[in-house]
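Here the structure is laid out as structure tokens; the discussion comes afterwards.
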2 protein chains.
Amino acid sequence: MPDRPATEPVQEIHAQHGQPVLMRALSLLAGFSDKRRSLSLVELSRAAGMPPATALRFLRHFTEWGALERLEDGRYVIGVRLWEIASLAPRGHGIRDIALPYLEDLYEITHQHVLLAVRDGRDAVLIDRLSSKDATEVAYRVGGRLPLPTTAVGRILLAHGSPSLQDEVLASPIDAVPGTAPVSARELRMVLADVRRAGVSTVHRSLPSKTVSVAAPVLGPGAEVVAALSIVMPDKGILEHEVIPAVRTAARAISRDLGYQPATSAAVRHLREAHP
Amino acid sequence: MPDRPATEPVQEIHAQHGQPVLMRALSLLAGFSDKRRSLSLVELSRAAGMPPATALRFLRHFTEWGALERLEDGRYVIGVRLWEIASLAPRGHGIRDIALPYLEDLYEITHQHVLLAVRDGRDAVLIDRLSSKDATEVAYRVGGRLPLPTTAVGRILLAHGSPSLQDEVLASPIDAVPGTAPVSARELRMVLADVRRAGVSTVHRSLPSKTVSVAAPVLGPGAEVVAALSIVMPDKGILEHEVIPAVRTAARAISRDLGYQPATSAAVRHLREAHP
DNA sequence: ATGCAATTTTCACTGGGTGAAAATACACTC
DNA sequence: GAGTGTATTTTCACCCAGTGAAAATTGCAT
């Protein structure tokens with residue numbers, strides 16, 4: 001491309017020329033979302049910022065391999081083959097399978113929404129959700145993304161994230177969420193310290209209805225936080241204190257099942273290192 | 001490659017030289033399975049039949065994009081990003097989300113295994129499964145594959161598949177499954193005709209325990225079979241006839257929810273075409 | 001019929017892919 | 001703690017698969 005008009009800073013955000021083929025191809029998949037589960041060639045090529053001819057070649061390869069499938073009308077959808085392989089993600093269905101019985105216990109007791117989320121980049125990703133039809137409404141969908149600074153699960157994951165992650169998230173403006181009190185970076189730092197100390201995170205929200213979320217961390221074998229478990233229930237005053245032990249207990253039970261050793265004292269650890 | 005020894009018919013089954021980059025890269029993902037959820041560089045490169053140096057380049061791109069993640073020990077696993085996008089597969093979680101309430105109804109009534117599967121190539125892929133701990137044991141896992149000719153769901157999907165699919169499956173030798181009576185291609189053809197006529201498929205199995213599976217087809221908007229629903233229960237004689245109506249009813253309810261119009265007479269169809 | 005947009009094919013050009021080989025890191029063994 | 005084997009990573013000269021504008025084709029409104 002010899003002459004590019006100096007005015008426009010190039011529209012295409014994704015998949016610039018010069019990137020490896022594979023990553024440009026993968027950027028096509030990013031066009032899919034909850035609201036757009038089937039896409040046409042031009043829609044995909046526009047979303048990924050590449051010429052239709054190029055996109056078409058990729059899409060054919062994806063389709064032939066089974067990562068995508070084609071509907072009768074020519075639109076593309078994610079294929080079962082990809083779904084099948086992706087369902088092996090340890091942080092996806094992997095954690096889910098182990099956690100499910102405990103989520104059910106928690107659900108059985110409270111009959112409110114029960115959420116399980118992991119962190120991916122600057123978001124929390126919802127791994128599983130149990131909820132009856134008559135529980136309070138929430139918009140979250142399995143596979144969907146939640147912001148870190150303004151949700152109970154998000155704050156758990158953020159509070160136990162690396163300092164560099166926290167700096168990154170706190171540096172960028174925190175999106176105000178309708179129904180929650182807006183927080184400054186300064187306030188959020190204090191909140192996160194509280195979350196770390198208390199081992200739970202509580203978030204009140206007044207829209208679409210008055211709710212409280214209570215979340216607790218789930219730990220992996222190395223005591224690192226791998227997920228966050230939460231209950232979302234109607235806000236009826238001080239009731240929330242009663243569910244905190246339940247959420248923490250369930251989170252701890254999942255942690256144990258994941259291989260975390262709760263009561264590893266220094267002495268025991270020493271013995272274990274000596275005789276592995 | 002100028003001289004290839006004429007003896008070996010080339011070990012590498014996948015990703016031969018000459019194939020498009022994208023498909024070779026994707027073939028790396030095929031190395032993952034239920035039993036091997038984390039793989040090292042060489043394991044992946046060997047499974048895909050490509051040099052480690054080449055595999056490494058791909059794996060880095062996958063990892064950078066988020067399709068794969070790297071454990072502390074350097075092994076690779078499927079990433080949340082891929083899981084997230086793949087969960088948008090209409091024939092994966094898409095069908096699952098719609099069918100789940102009906103599966104729960106069926107489960108509530110029978111308290112036996114409830115299975116939902118779609119077809120991919122020459123296999124059935126398990127989309128969802130409900131089962132209590134005390135139900136009969138079955139090995140099937142969500143995301144796992146089942147053979148078409150020897151399972152109840154498989155036979156539903158095969159019976160309503162295209163003639164070319166049936167020919168293809170019947171032409172290749174049918175793997176004998178321990179605990180089921182082996183079938184010849186000739187017998188299977190008759191069985192499939194029965195399945196089409198009756199609208200259900202029943203399979204008896206004596207290992208690992210005596211069970212009966214009863215499956216029924218789930219139809220999409222165009223009356224095409226999109227999935228199969230099944231119950232697996234202990235084989236205690238003639239009890240199975242009682243669950244057939246339940247399975248068929250549930251399958252029909254899911255079909256309706258998917259947009260299938262059960263009672264579309266020729267007259268109605270004509271009207272609809274005239275005024276779309 | 002006519003026009004417009006999406007899909008697909010073509011093709012000359014070229015830039016990212018390729019993989020053997022060497023270097024490095026790592027994990028055992030004696 | 002030197003030694004051996006294996007896995008991971010880097011390098012680099014070669015070249016084949018990727019590229020995308022343009023034209024042809026299909027599909028669908030008007």
Side-chain angles (χ1 to χ4, degrees), chain A residues 1-5 8 10-12 14-29 31 36 38-65 67-77 273 275-276, chain B residues 1-5 8 10-12 14-29 31-32 36 38-65 67-77 273-276:
Chain A
M1 45 183 95
D3 57 329
R4 178 202 293 162
E8 279 283 329
V10 190
Q11 191 63 280
E12 304 92 48
H14 323 269
Q16 226 67 256
H17 198 104
Q19 278 200 28
V21 209
L22 179 51
M23 292 189 63
R24 263 176 299 153
L26 286 172
S27 78
L28 277 170
L29 298 182
R36 333 195 97 242
S38 75
L39 295 169
S40 70
L41 170 64
V42 266
E43 285 171 336
L44 281 161
S45 71
R46 268 203 278 269
M50 67 175 74
T54 306
L56 179 67
R57 202 165 352 102
F58 288 146
L59 292 173
R60 277 215 261 256
H61 297 157
F62 274 130
T63 309
E64 189 181 339
W65 188 79
L68 296 178
E69 293 173 11
R70 227 161 161 204
L71 305 176
E72 318 77 59
D73 61 0
R75 300 171 70 81
Y76 297 86
V77 294
E273 275 158 16
H275 313 281
Chain B
M1 42 182 97
D3 57 329
R4 179 201 295 161
E8 278 284 330
V10 190
Q11 191 66 278
E12 305 91 48
H14 323 270
Q16 226 65 256
H17 198 104
Q19 278 200 28
V21 210
L22 180 51
M23 293 188 62
R24 263 176 299 152
L26 287 171
S27 78
L28 278 170
L29 299 182
F32 292 96
R36 332 195 96 242
S38 75
L39 296 169
S40 71
L41 170 63
V42 266
E43 285 171 336
L44 280 161
S45 72
R46 268 203 279 269
M50 67 174 74
T54 308
L56 179 65
R57 202 164 352 103
F58 288 148
L59 292 173
R60 277 216 259 254
H61 298 157
F62 274 130
T63 308
E64 190 180 338
W65 188 80
L68 296 179
E69 292 173 10
R70 219 152 173 215
L71 305 177
E72 318 75 61
D73 62 359
R75 300 172 68 80
Y76 297 86
V77 293
E273 276 159 14
H275 313 281

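The chains referred to below are lettered A, B, ... by the order of the sequence lines, with proteins before strands, and numbering in each begins at 1.
Checked by atom type and distance alone, the side chain of B/Arg24 pairs as donor or acceptor with a backbone atom of B/Gln19 at under 3.5 Å.
Look at CZ on A/Arg57: it is 15 Å from C1' on C/dT7, rounded to the nearest Å. Atom CG of A/Asp73 and atom P of D/dA29 are 12 Å apart (whole Å). Between A/Leu41 atom CG and C/dT7 atom C1' there is a gap of 6 Å when expressed in whole angstrom units. Going from atom CG of B/Leu59 over to atom P of D/dA7 covers 15 Å, rounded to whole Å.
Of the candidates D/dT10, C/dT18, D/dA21, C/dT18 carries the atom nearest the B/Val21 side chain, counting heavy atoms from C-beta on. Proximity note for B/Ala53 (side chain, C-beta onward) versus D/dG20, C/dA21, D/dT8: the nearest is C/dA21. Each of D/dT9, C/dA6, D/dA7 was ranked by its minimum atom distance to the side chain of B/Pro52; first place goes to D/dT9. Closest approach to the A/Tyr76 side chain among D/dT9, C/dT8, D/dG18 is made by C/dT8 (side chain taken as heavy atoms from C-beta onward). Candidate nucleotides D/dT9, C/dT18, C/dA6 were compared by shortest atom distance to the side chain of B/Arg24, and C/dT18 ranks first. Comparing atom distances between the A/Thr54 side chain and each of C/dT7, D/dT9, D/dT19 picks out D/dT19 as nearest.
Axis deviation across the helix from C/dA1-D/dT30 to C/dC30-D/dG1 amounts to 50°, comparing end segments of five pairs, rounded to 10 degrees.
A residue-by-residue look at B/His61 and A/Glu43 shows that A/Glu43 has its nearest nucleotide of DNA chain C further toward the 5' end.
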